[in-house]
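First comes the structure, then the notes that go with it.
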Amino acid sequence: FGEFSDEALNGLYLHRCSILDNHFSNSELKGSGTAITLTEPDRTNIENNHVEYYLNGINLTGNVNSADVKSNRIENNHGDGILVHGGSNYNIHGNLLFNNSGYGVNITDSTDCKVKSNTFINNNGATDIFSTSRIQAYTTHSSNLWDESGYGNYWNDWTGPDGDNDGIVDEPYLIFG
């Protein structure tokens with residue numbers, strides 16, 4: 001377990017490795033860099049981390065065979081919570097993405113990613129009322145999946161319609177790209 005509160009531009013910049021059970025806090029230099037940057041994170045796990053007050057929380061870039069980003073708390077960053085650029089087969093699940101100024105998850109030029117069982121609350125200026133100008137996630141490819149077997153993510157601004165009152169919204173969240 002590690003605790004990082006640094007005065008450098010970025011928290012960690014790593015190539016092909018796993019990061020587990022850490023707390024990244026950069027409250028001294030708000031908006032200064034990215035907490036975790038991984039290049040070519042082939043078969044990488046980023047799990048159980050708490051990331052706050054950076055420019056971007058987690059940045060994954062490069063050619064990827066597979067990588068899991070799970071069970072992280074990513075909040076109050078001045079850009080995106082999770083930024084994915086390039087590669088394919090990312091699994092992003094079980095994360096709390098809260099109050100990031102940019103998107104909770106932003107996937108560009110990446111394919112075959114699965115984003116499920118995450119909690120999105122008030123990212124990109126979203127409130128409890130849905131607005132197309134304040135969507136909480138973004139993707140550039142339709143091959144990225146935002147649900148699996150009918151179970152997706154929780155979006156605090158997406159509350160209806162729920163015709164059968166089972167607590168699951170009957171229409172998928174609108175993600176543009």
Side-chain angles (χ1 to χ4, degrees), residues 11 23-27 29-37 46-61 67-86 88 90-177:
H23 178 202
F24 295 86
S25 177
N26 196 8
S27 57
L29 291 169
K30 293 180 180 175
S32 65
T34 299
I36 302 171
T37 299
I46 300 175
E47 182 178 356
N48 295 325
N49 297 291
H50 182 188
V51 176
E52 60 183 340
Y53 299 116
Y54 278 83
L55 175 58
N56 293 305
I58 297 173
N59 181 11
L60 305 172
T61 185
D68 287 332
V69 180
K70 63 182 178 180
S71 303
N72 296 287
R73 181 181 178 118
I74 304 166
E75 62 183 322
N76 298 313
N77 293 293
H78 299 281
D80 298 322
I82 298 173
L83 176 61
V84 177
H85 181 76
S88 63
Y90 290 97
N91 293 303
I92 299 171
H93 54 99
N95 298 288
L96 171 62
L97 299 140
F98 175 73
N99 203 35
N100 295 291
S101 296
Y103 298 110
V105 174
N106 183 353
I107 302 174
T108 60
D109 298 324
S110 299
T111 58
D112 301 316
C113 300
K114 292 180 184 175
V115 183
K116 63 179 183 173
S117 301
N118 298 287
T119 300
F120 290 82
I121 300 174
N122 296 345
N123 297 289
N124 196 33
T127 63
D128 289 340
I129 300 171
F130 179 78
S131 169
T132 56
S133 65
R134 298 180 187 278
I135 58 170
Q136 297 194 62
Y138 180 83
T139 187
T140 56
H141 289 279
S142 61
S143 68
N144 296 317
L145 301 176
W146 296 83
D147 66 15
E148 188 171 49
S149 301
Y151 295 98
N153 300 283
Y154 170 80
W155 312 88
N156 75 299
D157 58 341
W158 197 248
T159 57
D162 183 9
D164 56 4
N165 295 316
D166 64 355
I168 299 172
V169 178
D170 299 333
E171 299 292 327
Y173 190 83
L174 299 178
I175 300 170
F176 301 109

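All values below come from the heavy atoms of this structure, side chains included, with hydrogens, waters and symmetry mates left out. Residue numbers run from 1 in the order of the sequence given.
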Worksheet entry | Any side-chain heavy-atom pair of Thr159 and Phe130 under 4.5 Å | no
Worksheet item: So, do Trp146 and Ile107 sit near enough that their side-chain heavy atoms are less than 4.5 Å apart?
Response: yes
Using 0.5 Å steps for rounding, measure from the [atom1] atom of [X] to the [atom2] atom of [Y].
| X | Y | atom1 | atom2 | answer |
| --- | --- | --- | --- | --- |
| Arg134 | Asn124 | CZ | CG | 7.5 Å |
| Glu75 | Leu97 | CD | CG | 10.0 Å |
| Leu60 | Ile82 | CG | CD1 | 7.5 Å |
| Asn122 | Phe98 | CG | CZ | 6.0 Å |
| Glu148 | Asn91 | CD | CG | 8.5 Å |
| His93 | Lys70 | NE2 | NZ | 5.0 Å |

Discussion item. Working note: Asn153 + Asn118, criterion side chain to side chain donor-acceptor pair (under 3.5 Å); need CA distance, chi angles, decisive distance, verdict.
Written reply: CA-CA 5 Å; Asn153 300 283; Asn118 298 287; 3.0 Å; yes
Fill in: Given Asn106, Asn144, Thr108, the one that forms side-chain hydrogen bond (donor to acceptor under 3.5 Å, both in side chains) with Thr139
Asn144
Which heavy atom of [X] sits nearest a heavy atom of [Y], and at what distance?
| X | Y | result |
| --- | --- | --- |
| His141 | Ser110 | CD2-O, 3.3 Å |
| Tyr103 | Asn123 | C-CB, 4.2 Å |
| Thr111 | Ser143 | CB-OG, 3.4 Å |
| Trp158 | Pro172 | CZ2-O, 3.2 Å |

Worksheet item: Does any pair with a residue in residues 98-109 pass salt bridge (charged side-chain N to carboxylate O under 4.0 Å, His left out), and if so which ones, sequence neighbours excluded?
Response: none
Worksheet item: Looking at Asn95, Asn100, Ile92, which one forms a side chain to side chain contact (heavy atoms under 4.5 Å, CB included) with Val105?
Response: Ile92
Worksheet item: Out of Ile74, Thr119, Asn72, which residue meets the side chain to side chain contact (heavy atoms under 4.5 Å, CB included) rule with Leu96?
Response: Thr119
Practice prompt. For Asp128 and Asn156, run side-chain contact (heavy atoms from CB on, under 4.5 Å): C-alpha distance rounded to whole Å, both residues' side-chain angles, the deciding distance at 0.1 Å, then the answer.
Written response: CA-CA 6 Å; Asp128 289 340; Asn156 75 299; 3.0 Å; yes
Discussion item. For the residue pair Asn77 / Asn56, report whether a side-chain donor-acceptor contact shorter than 3.5 Å exists.
Written reply: no
Worksheet item: Which pairs with one or both residues in residues 164-173 pass side chain to side chain donor-acceptor pair (under 3.5 Å), sequence neighbours excluded?
Response: Asp157-Tyr173
